[in-house]
Each structure stands twice: as structure tokens, then as C-alpha cells.
There are 2 protein chains.
Amino acid sequence: MHALDDGISRWRRVADAIRADIASGVIAKQLPPEVELAERHGVNRHTVRRAIAALSTEGLLRAERGRGTFVNAQPPRVIYPIGERVRFRENMMKQSIEPSGRLIGAERVAADARQAALLDVAVGAPLHRLERLAVVDGMPMSRSTSLFSVQRFPDIISAYAETGSITQALQKSGVSDYRRRETRITAERVSPNDVELLQCASDAIVLISNAVDIDMEGNPVQSVRTRFLADRFELSFKPDAD
Amino acid sequence: MHALDDGISRWRRVADAIRADIASGVIAKQLPPEVELAERHGVNRHTVRRAIAALSTEGLLRAERGRGTFVNAQPPRVIYPIGERVRFRENMMKQSIEPSGRLIGAERVAADARQAALLDVAVGAPLHRLERLAVVDGMPMSRSTSLFSVQRFPDIISAYAETGSITQALQKSGVSDYRRRETRITAERVSPNDVELLQCASDAIVLISNAVDIDMEGNPVQSVRTRFLADRFELSFKPDAD
DNA sequence: ACCTATTTGTGCGTATGTATT
DNA sequence: CAATACATACGCACAAATAGG
């Protein structure tokens, strides 16, 4: 019978009670241990764990093995401008943030239909795939996967490895300047592959930006898919430019 | 000892196995029952449930009590342009989609510091808050909250209620045209308040667009915060315009 | 209309593993 | 090393929704 006062399950009511305690300030930083919460609410420890799991999924709590369960403080999001001119380094330095890119890996792949259309190459044409991790103050901020035509940019990978900058690597390859043609944005849960690199929870949310850069003649230069941690970033679009 | 082959927990390996089966097409639409999966993988039913819960959080699966657990079909996302000229109705009709807005509620509120700065009014100044739900083919697509200065637009609420269009309501209020000054985008889990209106899972992800519209003289007209379901939308930004 | 089998959801008890203090 | 606290895993029981006879 389990003595349900209404149609709400016990773990939901425990979760609601904890959420209320946090909102009212009764619980400020750290939760009582699971066994104590179980006693206090008159439920099994598993039921408390179920409630904590739900609140963790909401992003409200964070459990650390051996230490305890803590209320998540949400720092203000970094503002990331998107527009015609997109330069990671410049954007960050405007906000007094020292950025750095890290090369994760590079590979040659064959263009599928979608990629071929974006980069204006034949289906099956060889592409360089460049995997990068953007780091700010030692904190991973975004993961990006860039695609370049091998035919047009045969040495782009080594150029990036040397300079650590897409802009400079493209200059070495004869592209003096480039601009963004289109940026498409959506959001998903982080892929398991990126969890370790981004040092985030396995159910974190990432903003996904799919973009195509073009040179001054309008020819596609790179197609890039960037994953930003949504709780650390806000993408800003200003028509006027700045 | 539980016979862990490596450092990965059993539920994770079951989850990985299920994910692989889906990717390879071995499982197409519906999963075998939990008890059968438990037998097949040599684990307890709870362990299978843990794996299914993780994959559900990823959006890959959907469990229905009494029926079974199903693979989520992901329909292609609707592309939503963001740029200087933002007109919900026009945007949707370009993709042969018939939109409609629904008035959820309206309220008078006092401007806090942030809102006051955005709308260029005094802190504490009265604002109209307009709550809307955008619906496409009977399917809820986005929830938005608009703020207008009461002083400048005393009758905006009734004008919207009559016309069902922000653009037309503003025209009635003497704003012949307007454009977007800035759009900021991030993502969060859906707020419990919006779950019912958006008819989504309680842990769904929403893209959040915070934007300010200005009239042709550059004066702020409205501040609007829109929540799009991330699995139904892709926001597109093209510098050139279209 | 009813009953039954199937399937997911909830809850408790117990034991053990692992990281932190 | 010991105590504490979260993580994983198994087993059992019953509730609730669904589907079919």
C-alpha cells in the first residue's frame, strides 16, 4: 500500500521537498547524507537516491563519491559572439579571457552528401577532419570538428599544429581572410565521447553550432561543428556587428 | 567481485550494447522486455533499467508503461532563421508551415534592473508581460515571454489579442517597422512550468533566445525570451540575409 | 464487462565496491 | 587504518498501464 497521500510517487515528493529546501535556503551548499535524508523523509535510501538523481539531471545537485551531495552554483555564462567575423581568440580576449586551442586529432575522411554540398566538393572527395578542444584558463570550453578539402588545403593540419590557430593556418594556405556564411544552432545532450574532454557531467547539455566559412571570393573554406557547454556559454548575435 | 572485465560498470556496458544494437539495426523500433534483456546480458532487471534510464536521458529511448520501450525516431529539425528581420509567421510560411500564436496570459510587472536596461526605461517602471505559445499544425513549438513598456505601448496586449500577431499589434501602436538589435542564445532543461504547454518530456532541452527588438529610430520596442524545443528546431544565422 | 498475461514503474532490503576524509 | 559517504548490483514484491481473450 505504501501510504501514498496522493498520486505522486515517494521519490518525486522527496525531490520536491529537497528542491523547496534549497529554494527556501534551508539547504544552502551541502545536502545531508543519503541515510539521514532517508530517515527524515521516512523512505528507503534508494528512494532518496532516486530523488537526488532526478535533481542532478535538472542540474540542481551534484553528487561526489565519498564527499557528499552539493547544491550546484551556476556561474554567469560567458558571452560568445557569432556573426560574419568569427575569431575565437579575438572574441575571448575582448572579455579578458585568455584562450588556447588544443589539437585532439586529425584524420582523412571521405565527404558524404551533406558535407560535399556544404564544402562544394564531390561526394567521396577526401577531407581533412580536424578535432580541436578550446580551453580557457585550463577549463575546457568547447569541442569542435572542422572539415577542409584535402585538394584545396593539403597542408592545413600541419599548419594548424604549428600555429595553433585556424586563422593563421588558413593564411599559410593562401586564404588571407574569411567570413562566416551561415551558422545553425541547436542543442543536445553531450555525446559520451566528449564527456571526458569537456570535463562535464554525462548528461550535460551542449549548444551545437554548425557553420560554414567562406573566403572573400565566396568559396567554402571550412565546415565546422562546435559543441559549447550550455551552462558556460551564451551565443550572441548582433546584426549591426560590433 | 561481480566479474568486471574492466573498470566500466555493468549498466554502462549494457547501455553501450543497446546503443550499438540500435546503431547496427539489430534493434529497430522496440526493445525486448526488461526481463529478457536482463537474462541476455546476465544482469539484474534493475541494472537493465539503469541502462535504459541513461539512454532515455540521452533521448535515444522512450519507455511506456504496460507497452514496452521504444527507439525514438528523430524527425528532421525545423530551421528557424534569426537575423535583423524576425517575423515568426513569415519564417514558418517559407518552409510551407502554417503557424499560429496562442495567447497564454498577460500581466503587468515592474521592471527589474536588467529589463530596465534592455528596454531603456527606469527601474520599477511598469511593463506588460505577454506570454505566448507558438503552435504549428497543432504541435506546440515554442514558448515566449515578451516585455513592453506600458507607458509607450499601453494597448499592446489587446492589440495582440485581436490580431494574433506582434507585428500587427505594434503597427496599431504606431511602430511601422522594427528590427532585432541582438539575439543571445543558450540552452537549458525545460522549466517545469513549460512542460505541459510544450507537451514535452520533463527533461527535454530548450534553446533559449533572449532578444531585443528596436524601432527604426533605434529605440527598444520589446524584449523577448523564447524557448524552442531543441529536438524540433535549429536556429540559423546568415550574415548576408536571405 | 471481466479477467489474465505482459510490461514498465516504484519501493524496500541487503551486500559490496570505491573514493574521500 | 578506520569511518564516512556515494556507487553499483542483486533479489523480492507489488502497483499501474496496456493488450488480448
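Within every chain, numbering begins at 1; the chains are lettered A, B, ... in the order of the sequence lines, protein sequences first and strands thereafter. This structure is a prediction, so every number in the text was calculated from the model and none was measured.
- If you check D:dC10, D:dC6, D:dT18 against the side chain of B:Arg67, the one that comes closest is D:dT18.
- Counting to the nearest Å, the P atom of C:dC12 and the CH2 atom of A:Trp11 are 14 Å from each other.
- Just one residue in the list A:Arg50, A:Arg49, A:Arg65 forms a salt bridge (charged side-chain N to carboxylate O under 4.0 Å, His left out) with A:Glu34, and that residue is A:Arg49.
- The line from CD1 of B:Ile104 to CZ of B:Arg132 is 10.5 Å long, rounded to the nearest 0.5 Å.
- Interatomic distance, B:Ile22 CD1 to B:Ile27 CD1, rounded to the nearest 0.5 Å: 5.5 Å.
- Between B:Glu64 atom CD and D:dA16 atom P the separation is 19 Å, expressed in whole Å.
- Side-chain N/O atoms of A:Thr47 include none lying less than 4.0 angstrom from OP1 or OP2 on C:dT10.
- Picking from C:dT10, C:dG13, D:dA7 the nucleotide with the shortest atom distance to the side chain of A:Arg50 gives C:dT10.
- In this structure, A:Val43 reaches the sugar-phosphate backbone alone: every heavy-atom distance under 4.0 Å involves primed, P, OP1 or OP2 atoms, never a base.
- Summarising the geometry, atom OG1 belonging to B:Thr183 is positioned 11.0 Å from atom CD belonging to A:Glu234; distances are rounded to the nearest 0.5 Å.
- Counting to the nearest Å, the C1' atom of C:dT8 and the CD atom of B:Glu34 are 5 Å from each other.
- In this model, the phosphate group of D:dT4 is not approached by any side-chain N or O of A:Arg65 to a distance below 4.0 Å at OP1 or OP2.
- A straight line from CG of B:Leu37 to C1' of C:dT7 spans 12 Å, rounded to a whole angstrom.
- With DNA chain C read from its 5' end, the first of the two nearest nucleotides for B:Ala63 and A:Gly42 is the one closest to B:Ala63.
- Between B:Arg13 atom CZ and D:dT8 atom P there is a gap of 13 Å when expressed in whole angstrom units.
- Going from atom CD of B:Glu39 over to atom C1' of D:dC10 covers 15 Å, rounded to whole Å.
- A donor and an acceptor atom never sit less than 3.5 Å apart when one is taken from the side chain of A:His46 and the other from the base of D:dA7.
- Annotation: the span from A:Ile156 atom CD1 to A:Leu147 atom CG amounts to 12.0 Å, rounded to 0.5 Å.
- Listed pair B:Thr69 / C:dT7 fails the phosphate criterion, with no side-chain N or O lying under 4.0 Å from OP1 or OP2.
- Distances shorter than 4.0 Å separate some side-chain N or O of B:Asn44 from OP1 or OP2 on D:dG11.
- In terms of polar N and O atoms assigned as donor or acceptor, the side chain of A:Arg49 never comes within less than 3.5 Å of the base of C:dG11 in a complementary pairing.
- A straight line from CZ of B:Arg10 to C1' of D:dA7 spans 14 Å, rounded to a whole angstrom.
- Remark: P of C:dG11 and CZ of B:Arg45 are 14 Å apart, rounded to the nearest angstrom.
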